[in-house]
S.K.: 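One structure, pasted below without further comment.
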Amino acid sequence: MSYTAQEMRERVLYEDERVIILNKPYGLQVHYGTKCTDHLELYLPLIQGDRPEPPRLAHRLDKETAGCLVLARDVEAAARLGAMFLDGRVRKTYWAVTMGGPKVVEGVIDLPLGKVRVPGTSKMVVDVTAKPALTRWKRLGQSDGLSHMELYPRTGRMHQLRAHCAYMAMPILGDRIYGAEMPPPVPLHLLARSIRFPSLDGAGEITATAPPPLHMAETLAAIGWA
């Protein structure tokens with residue numbers, strides 16, 4: 001195993017009796033796969049505590065996306081959290097470093113996305129017959145041909161932020177599917193920065209914020225954004 005119990009505990013951003021929010025590492029797949037021997041579900045028992053079963057995924061992040069990942073501590077919590085994600089009651093904020101970027105400070109990308117198979121993987125393409133995909137964005141900084149973007153997905157399509165940024169001529173730095181450089185010389189610069197949703201006990205909101213992974217933090221620092 002690549003991560004110890006202590007390392008996984010240090011990645012817990014929020015915890016109560018029903019919910020855990022974990023800072024998912026870059027490069028760790030969340031589910032078991034036929035070509036994957038190391039994945040997040042192997043490590044969930046390390047943060048199980050005194051519960052009879054490990055926490056379970058309430059949603060997912062791409063392998064190369066780091067940051068806030070919501071886990072449910074029981075079956076009923078998983079069902080309620082799943083309903084919140086489907087109903088749009090979970091507010092997600094992402095950070096990305098993009099190649100190029102917009103000339104204006106904020107805007108909306110409204111492009112429907114459909115999945116197609118390409119050699120070795122699947123990807124999303126703009127398809128007017130597909131389900132809607134909506135992303136709000138704000139430019140936080142810009143320097144040396146790169147932009148620091150804050151992204152707010154309002155729908156949850158596969159690869160939505162990566163595809164939307166690429167179609168707007170500002171691909172995310174390090175993207176091996178939608179990027180401008182193949183193979184990319186650096187890891188994907190995409191972070192599930194923060195998440196917010198109603199508490200399961202009805203008392204206010206649950207929020208969490210994740211720090212950038214090392215490769216992204218170094219890029220932000222190098223160009224004076226962090």
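Below, all heavy atoms of this structure are taken into account, side chains as well, without hydrogens, waters or symmetry copies.
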S.K.: Restricting to non-hydrogen atoms, name the atom on L191 and the atom on P211 that form the minimum distance, rounded to 0.1 Å.
M.R.: CD1-O, 3.6 Å
S.K.: For Y178 and H159, which I'm curious about, is there any donor-acceptor pair between the side chains at under 3.5 Å?
M.R.: yes
S.K.: Look at the side chain of R193 and the backbone N and O of A210, then say whether any donor-acceptor pair between them is shorter than 3.5 Å.
M.R.: yes
S.K.: For the residue pair H59 and F85, categorise the inter-ring angle as parallel (less than 30°), tilted (30 to 60°) or perpendicular (more than 60°).
M.R.: parallel
S.K.: Using modelled atom types only, decide if a donor and an acceptor are shared between the side chain of Q29 and the backbone of D38 within a distance under 3.5 Å.
M.R.: no
S.K.: Are side-chain heavy atoms of L22 and L40 found at a separation under 4.5 Å?
M.R.: yes
S.K.: Check whether more than 12 heavy atoms from other residues, nucleotides or ligands sit under 6.0 Å from atom CZ of R56, and answer yes or no.
M.R.: yes
S.K.: Taking all non-hydrogen atoms of both residues into account, name the closest pair between L190 and M216 and its distance.
M.R.: N-SD, 3.9 Å
S.K.: So, do M170 and P102 sit near enough that their side-chain heavy atoms are less than 4.5 Å apart?
M.R.: yes
S.K.: Is it true that a side-chain atom of R73 and a backbone atom of I20 form a donor plus acceptor pair closer than 3.5 Å?
M.R.: no
S.K.: Using a 3.5 Å distance criterion without hydrogens, assess whether the side chain of R162 forms a donor-acceptor pair with backbone atoms of D175.
M.R.: no
S.K.: Okay, side chain of D201, backbone of A203: is any donor-acceptor separation there less than 3.5 Å?
M.R.: yes
S.K.: Can you tell me if R157 uses its side chain to pair, donor with acceptor, with the backbone of P112 under 3.5 Å?
M.R.: no
S.K.: Decide whether L69 and L44 are clustered together by the hydrophobic rule: side chain heavy atoms of Ile, Leu, Val, Met, Phe, Trp, Tyr closer than 4.5 Å, transitively.
M.R.: yes
S.K.: Can you name the nearest heavy-atom pair linking P153 to L161, along with the distance?
M.R.: CB-CD2, 4.0 Å
S.K.: Can a donor-acceptor pair be found, under 3.5 Å and without considering hydrogens, that links the side chain of H164 to the backbone of R136?
M.R.: no
S.K.: Hey, is CZ on R176 packed in by over 12 heavy atoms from elsewhere, all under 6.0 Å?
M.R.: no
S.K.: Go through it in stages, so that I can follow the logic: the residues are L200 and E76, the test is side chain to side chain contact (heavy atoms under 4.5 Å, CB included), and I'd like the CA-CA distance, side-chain angles, deciding distance and then a yes or no.
M.R.: CA-CA 10 Å; L200 296 187; E76 198 252 345; 5.9 Å; no
S.K.: Residues in side-chain hydrogen bond (donor to acceptor under 3.5 Å, both in side chains) with T129, at least two apart?
M.R.: D127
S.K.: What's the shortest heavy-atom distance between T155 and A133, and which atoms?
M.R.: OG1-CA, 3.2 Å
S.K.: Same hydrophobic cluster for V12 and Y43, using side-chain heavy-atom links shorter than 4.5 Å among ILVMFWY?
M.R.: yes
S.K.: Indicate yes or no: does E205 engage R89 in a salt bridge with an N to O separation below 4.0 Å.
M.R.: no
S.K.: Is a side-chain donor or acceptor of D74 paired with a backbone partner of A77 at a separation under 3.5 angstrom?
M.R.: yes
S.K.: Look at the side chain of K24 and the backbone N and O of R11, then say whether any donor-acceptor pair between them is shorter than 3.5 Å.
M.R.: no
S.K.: Does the R91 side chain pair with the main chain of S194, one donor and one acceptor, at a distance under 3.5 Å?
M.R.: no
S.K.: Are more than 12 heavy atoms from other residues, nucleotides or ligands located less than 6.0 Å from atom NZ of K92?
M.R.: yes
S.K.: Rounded at 0.5 Å granularity, tell me how far CZ in R196 sits from CD1 in I21.
M.R.: 12.0 Å
S.K.: Flag the pair Q160 / L113 as yes when at least one side-chain heavy-atom distance between them is below 4.5 Å, and no otherwise.
M.R.: yes
S.K.: In sequence, state the C-alpha distance, the side-chain angles, and the governing distance for W137 and E106, and then conclude on side chain to side chain donor-acceptor pair (under 3.5 Å).
M.R.: CA-CA 6 Å; W137 57 265; E106 57 186 343; over 6 Å; no
S.K.: For the residue pair R9 and L46, what are the closest heavy atoms and their distance?
M.R.: CD-O, 4.1 Å
